[in-house]
There are 2 protein chains.
Amino acid sequence: MTDATLIARPVTTAQQVHDWLHQRILRGDLPPGARLSETDIAEQIGLSRQPVREAFIRLASDGLAEVRPQRGTYIGKISARAVLSARLIREAVESDLARMLADRDADLSTMEAELSVQDRANAQGDVAAFIASDDRFHQAMALAAGQAAVWQDLERLKSQMNRLRHMSMRVFDRSETIGQHRAILTALQARDADAAEAAVRAHLRQMLTELPQIAAAHPDYFTD
Amino acid sequence: MTDATLIARPVTTAQQVHDWLHQRILRGDLPPGARLSETDIAEQIGLSRQPVREAFIRLASDGLAEVRPQRGTYIGKISARAVLSARLIREAVESDLARMLADRDADLSTMEAELSVQDRANAQGDVAAFIASDDRFHQAMALAAGQAAVWQDLERLKSQMNRLRHMSMRVFDRSETIGQHRAILTALQARDADAAEAAVRAHLRQMLTELPQIAAAHPDYFTD
DNA sequence: TGCCCTTTACTTGTATGGAAGTATGGTATA
DNA sequence: TATACCATACTTCCATACAAGTAAAGGGCA
């Protein structure tokens, strides 16, 4: 999530504004469809409109905002199409990664550790902690397969899904999710590629049933 | 490639500048590592720096340029890592799409037609036409599977690969590529999911052998 | 001759003013 | 009362000026 950029690039004000808004959107603080205003935000943080404007442009590139010339800028609604597309891609890619992992003697300790974190977070009802650990679990799988760059690419696609999750997490019990994670890990430890692939696909298909429910509960947050 | 935007959104100047540069970069007119200058381009097309600057920001978001504050803006070099990552993702996703297609009675006429186009383009040595048709062939597969949004996502990831292809196409004979395309189509027509998946994977793994050769021939265009 | 420091030119970053376009509410008119 | 028109208050877009920082060339000095 917080992609620790290795090279310490000099960070501009516009960059910081972008990162700040990006985070707020993904966490759901800025709800889909909400209006953004260059002048409002500029005043709010004591800057001119220019860096704010440039932040907006980058948010639009991220697919998180929509700039309508001469009309206004709005937080993008969650595109069901984009969520389903990202889900399909994740299923295809992560099931391949799981197969690769099952065929080698990989280090699965990080994934193991995250499962414990998720147990605690679920017991304590700490939604944010659970989501963060969930991400790290999947990331760890990519890293164990030696595909850090792949995970970075997936993360870009995942942004729409992430906003969705912040809503769904408050609705669903996550013990089922943890069980699915454990099934994946067990299959990998057993070096059973077929079982691992099946577990990954089953896990990621969970969203197919959740998405319509969430969308029905928040119809104004979604677009097809 | 030229994603015909369905809604006729009002296009700003900055948007046009971005599209123009985007195309030039992907076609290789602006080589990796080349320097871009806000003022130069602004003068060149009779505008102020502002819209050009905003175009640069979006190119950076696309991963095609790098803005180094107070230092300069450069066309991004081709990241071997990004190419390999996109390739792995394509293989995983497109092999899944092929399986989906093999399991249904899909319309494969567009793919068939593109094969003829590729034959002609290869015979005439028309590199640009071949690349365009190659893209449409793969896009047609996604469309036939009812996954237009997935192809859009893949296209974003493909940008690094596309620049590579404009170089490789001048080096390699493409009849082998056409044969691989035909193998995919034949398997789909036979409704043989296993064969289709194998054909897709074999086709997309071709790049694993081509990338090192291209990189060796143009070492200054690449970064790891 | 070689090294260090200063100056200068050039880069992108930010601030501000006005231009162009849109939406809205009020007003005159039928 | 309903409708068409117009003034007004917004929005983002573009142009311009200046600020901050970088890099490189040139001069002074050992």
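The shown structure was predicted, so the numbers you read here are calculated from the model rather than taken from an experiment. Chain identifiers are assigned alphabetically (A, B, ...) following the order of the sequence lines, protein sequences preceding nucleic acid strands; residue numbering begins at 1 within each chain.
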Name every donor-acceptor pair, under 3.5 Å, that has one atom in a side chain of residues 43-52 of chain B and the other anywhere in the protein, sequence neighbours excluded.
unit_1, atom_1, unit_2, atom_2, d
B:Ser48, OG, B:Gln50, N, 3.4
B:Arg49, NE, B:Glu38, OE1, 2.9
B:Arg49, NH2, B:Glu38, OE1, 3.0

Most 5' of B:Gln50 and B:Ser37 on DNA chain C, judged by nearest nucleotide: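 Upstream on the strand: B:Ser37.
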Where the side chain of [X] is defined as all heavy atoms beyond and including C-beta, which of [options] is the nearest nucleotide?
X	options	answer
A:Glu54	C:dT14, D:dC13, C:dT11	C:dT14
B:Pro51	D:dA15, C:dA15, C:dT11	D:dA15
B:Thr13	D:dC14, D:dC13, C:dT14	D:dC14

Roughly how many Å is it from [atom1] in [X] to [atom2] in [N], rounded to a whole number?
X	N	atom1	atom2	value
A:Glu38	C:dT14	CD	P	14 Å
B:Arg53	D:dC13	CZ	P	15 Å
B:Leu47	D:dA15	CG	C1'	10 Å
B:Arg35	C:dT12	CZ	C1'	10 Å
B:Arg58	D:dC13	CZ	C1'	13 Å

side-chain hydrogen bond (donor to acceptor under 3.5 Å, both in side chains) partners of A:Ser79, counting only residues at least two apart: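 With neighbours one apart ignored, the set is empty.
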Can you pull every protein N or O that's under 3.5 Å from an N or O on nucleotides 18-22 of chain D?
unit_1, atom_1, unit_2, atom_2, d
D:dT22, O3', B:Arg71, NE, 3.2

Residues which pass salt bridge (Lys or Arg N to Asp or Glu O under 4.0 Å) with A:Arg136, listed by chain and number, not counting sequence neighbours: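 So A:Arg136 forms a salt bridge (Lys or Arg N to Asp or Glu O under 4.0 Å) with A:Glu114.
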Salt bridge (Lys or Arg N to Asp or Glu O under 4.0 Å) involving A:Asp153 - partner list, sequence neighbours excluded: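 A:Asp153 satisfies salt bridge (Lys or Arg N to Asp or Glu O under 4.0 Å) with no other residue.
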C:dT12 OP1/OP2 closer than 4.0 Å to side-chain N/O of B:Thr73: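 B:Thr73 to C:dT12 OP1/OP2: side-chain N or O found under 4.0 Å.
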Expected output: side-chain B:Ser95 to main-chain B:Glu91 donor-acceptor under 3.5 Å: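 Yes; at least one donor-acceptor contact below 3.5 Å.
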Sugar-phosphate only, base, or nothing, as touched by A:Ile57 at under 4.0 Å among non-hydrogen atoms: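 No contact at all - A:Ile57 keeps every heavy atom at 4.0 Å or more from the nucleic acid.
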Side chain to side chain contact (heavy atoms under 4.5 Å, CB included) partners of A:Leu208, counting only residues at least two apart: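 For A:Leu208 the side chain to side chain contact (heavy atoms under 4.5 Å, CB included) partners, ignoring immediate neighbours, are A:Leu84, A:Arg87, A:Arg205.
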